[in-house]
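Below is one structure, written out as structure tokens, with a few remarks after it.
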Protein chains: 2
Amino acid sequence: MREFKRKLRVLLIDDNSDHLRGVKELITLESSYDVVSATTSANMGINLAKKYRPDIILMDINMPEKDGLQAIQEIEKLELGIKIIALSAYDDADLIFRAMKIGAKGYVLKTMASAQLIYAMDEVAAGKIYLPTALTSRFFEFFQKSFKEEEKVSSEENLLSYLTPREEEVLELLTQGSNYKDIAKKLFISDTTVKTHVNNIFQKLQVNEKTQAVLYAINNGFKKQRLAV
Amino acid sequence: MREFKRKLRVLLIDDNSDHLRGVKELITLESSYDVVSATTSANMGINLAKKYRPDIILMDINMPEKDGLQAIQEIEKLELGIKIIALSAYDDADLIFRAMKIGAKGYVLKTMASAQLIYAMDEVAAGKIYLPTALTSRFFEFFQKSFKEEEKVSSEENLLSYLTPREEEVLELLTQGSNYKDIAKKLFISDTTVKTHVNNIFQKLQVNEKTQAVLYAINNGFKKQRLAV
DNA sequence: TTTGTCCTACATCTTTGGATTGATAATTTG
DNA sequence: CAAATTATCAATCCAAAGATGTAGGACAAA
């Protein structure tokens with residue numbers, strides 16, 4: 001079935017010219033893919049991506065001059081719908097995480113069998129995301145670790161829990177950038193009352209200025225607020 | 001080989017007592033697992049987790065009274081090393097994402113074949129993370145989408161780019177909760193100079209108070225700073 | 001050399017923020 | 001019921017923040 005479809009166009013970016021050639025030959029053997037261009041330079045790669053608008057890019061992310069992750073980011077920013085598969089020599093959890101975070105649709109190790117690369121391309125071309133099982137585990141480890149750390153910060157004896165409901169309301173308005181007069185209006189109370197609440201908030205959060213209270217709130221779980229300008 | 005190892009102890013939490021019974025029978029048939037307890041209540045489940053310290057918990061996350069995600073979070077907080085697999089009737093991307101984020105080691109749909117549940121338990125027991133392929137894709141979609149949105153916010157014509165280097169320094173200290181006098185000391189300049197810089201910052205960020213400038217900075221890419229208390 | 005930007009600094013004045021103390025009424029809790 | 005907590009308001013006082021205008025020196029670009 002596959003052979004009746006139009007060939008998918010592939011761009012290769014890899015600073016190691018030996019590897020580049022190898023992959024190029026490998027793909028050329030596949031009836032369903034066509035290598036439209038190949039380069040050893042990340043910057044050049046970005047230009048070629050604009051010019052040829054390939055379906056898929058295989059991008060080496062361990063390049064010296066300009067790093068591959070950055071190149072992925074720039075190409076993603078163009079929003080050309082090009083699917084990028086990251087190639088790397090390392091199964092580094094952080095690298096995998098970052099690549100996926102910025103929009104890579106797959107991550108394949110250079111040491112893996114060539115069949116796996118082709119399989120990854122098939123999957124990604126079909127709109128899926130492909131990570132080898134071993135890398136998926138590493139990805140999740142990193143993912144969970146990074147969130148666990150965030151949580152620890154916010155669950156360490158949170159002073160916010162001592163606030164009364166009204167104080168929370170006042171603090172929420174503070175985190176939106178309101179001054180005391182505005183808060184008084186919004187809560188239908190006098191501004192001297194606002195001052196009283198704010199003073200109590202300071203006591204409980206162990207700070208002595210508005211800005212510090214707001215920073216404490218933001219860093220300790222109060223949902224991030226957009227400025228109400 | 002498996003039959004020589006000690007049986008792994010499993011706790012079941014599912015408010016649907018029919019499903020609970022079914023899963024219990026299923027697992028009891030497996031020579032390598034032992035159901036140590038089962039309950040239809042999330043709160044009870046947390047207590048049972050403390051009491052029995054099972055190796056694995058199968059947790060239904062679509063429960064009415066107390067929701068399963070919250071229960072997972074509370075059990076994770078105990079840090080008992082219990083591996084939790086989320087069970088759900090829905091392949092909702094957001095649910096999957098949240099479950100994995102708070103530390104679930106697997107996510108299995110109730111509609112899936114029983115063999116898959118056992119396989120998931122085997123994988124998770126072995127220290128891996130198990131998501132069915134279809135759910136992994138959904139997870140990644142959601143993952144990438146959530147990061148893409150974050151980026152958009154921070155790349156929208158950022159007023160921070162108009163700041164001079166010195167103004168950036170001042171703003172950074174502001175985001176750490178310093179007042180003007182402190183900033184003056186830290187930068188070895190007079191506090192009237194600090195005021196000048198701050199006024200210029202206000203102009204450029206189109207705000208008129210310290211707190212608003214700090215909020216703008218935090219919401220627009222200035223790296224989050226811990227309070228220097 | 002001139003123009004412009006940046007960093008520095010000061011004076012003056014008004015507004016806002018923050019500390020402290022004290023007080024009343026309503027609500028909750030033991 | 002008594003005690004504690006919460007929400008409200010006020011007066012006073014001092015410190016900090018913010019607005020505005022002015023200005024000199026360093027430095028880079030035109």
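Below, chain A is the first sequence line, B the second, and so on; all start at residue 1. Below, all heavy atoms of this structure are taken into account, side chains as well, without hydrogens, waters or symmetry copies.
- Between the P atom of D:dT8 and the NZ atom of A:K185 lies a distance of 18 Å, rounded to the nearest Å.
- Nucleotide D:dA17 holds its P atom 15 Å from the CD atom of B:Q212, rounded to whole Å.
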Filtered N/O pairs between nucleotides 3-5 of chain D and protein, under 3.5 Å:
none

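- Nucleotide D:dC14 holds its C1' atom 11 Å from the NZ atom of B:K181, rounded to whole Å.
- Closest approach of A:T175 to B:L215, counting heavy atoms only: O-CD1, 3.2 Å.
- One interatomic measurement links the two molecules: CG of A:L187 to C1' of D:dC9, which rounds to 15 Å at whole-angstrom precision.
- As rounded to whole Å, 11 Å separates atom P of C:dC6 from atom CD of B:E168.
- Between the P atom of D:dA17 and the CG atom of A:N208 lies a distance of 10 Å, rounded to the nearest Å.
- To the nearest angstrom, P of C:dT8 lies 12 Å from CZ of B:F188.
- Checked against side-chain hydrogen bond (donor to acceptor under 3.5 Å, both in side chains), B:T193 has the following partners two or more places apart in sequence or in another chain: B:S190.
- Residues B:E209 and B:R166 both approach DNA chain C. Their nearest nucleotides, taken by heavy-atom distance, put B:R166 toward the 5′ side.
- In this structure, the NZ atom of A:K210 is 15 Å from the C1' atom of D:dA15, given to the nearest Å.
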Under 3.5 Å, which N/O atoms of the protein pair with N/O atoms of nucleotides 27-30 of chain D?
none

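- Shown here for A:S88 and A:N62, the closest heavy-atom pair between the two residues is OG-OD1, 2.9 Å.
- The minimum heavy-atom distance between B:Q144 and A:M100, with the atom names listed, is NE2-O, 2.9 Å.
- Of all nucleotides listed (D:dT8, C:dT16, D:dA17), C:dT16 comes nearest to the side chain of A:N179.
- The shortest side-chain heavy-atom distance between A:L48 and A:I57 does not fall under the 4.5 Å cut-off.
- B:D191 pairs by the side-chain hydrogen bond (donor to acceptor under 3.5 Å, both in side chains) definition with nothing, not counting sequence neighbours.
- Between A:K77 and A:E74, none of the side-chain N atoms (NZ, or NE/NH1/NH2) sits under 4.0 Å from a carboxylate O, so this pair counts as no salt bridge.
- Within residues 189-204 of chain B, the residues having any heavy atom under 4.0 Å from DNA chain C are, by residue number, B:I189, B:S190, B:T192, B:T193, B:T196, B:H197.
- Pairs engaging residues 68-110 of chain A under the ring-ring contact (aromatic ring centres under 6.0 Å, His included) rule: A:F97-A:F139, A:F97-A:F142, A:F97-B:F143 [sequence neighbours left out].
- Across all non-hydrogen atoms, the minimal contact from B:R138 to B:A93 is O-CB, 3.9 Å.
- For B:M112, the CE atom is densely surrounded, since the number of other residues' heavy atoms within 6.0 Å is greater than 12.
- Residue-environment remark: NZ (B:K128) stays at or below the threshold of 12 foreign heavy atoms within 6.0 Å.
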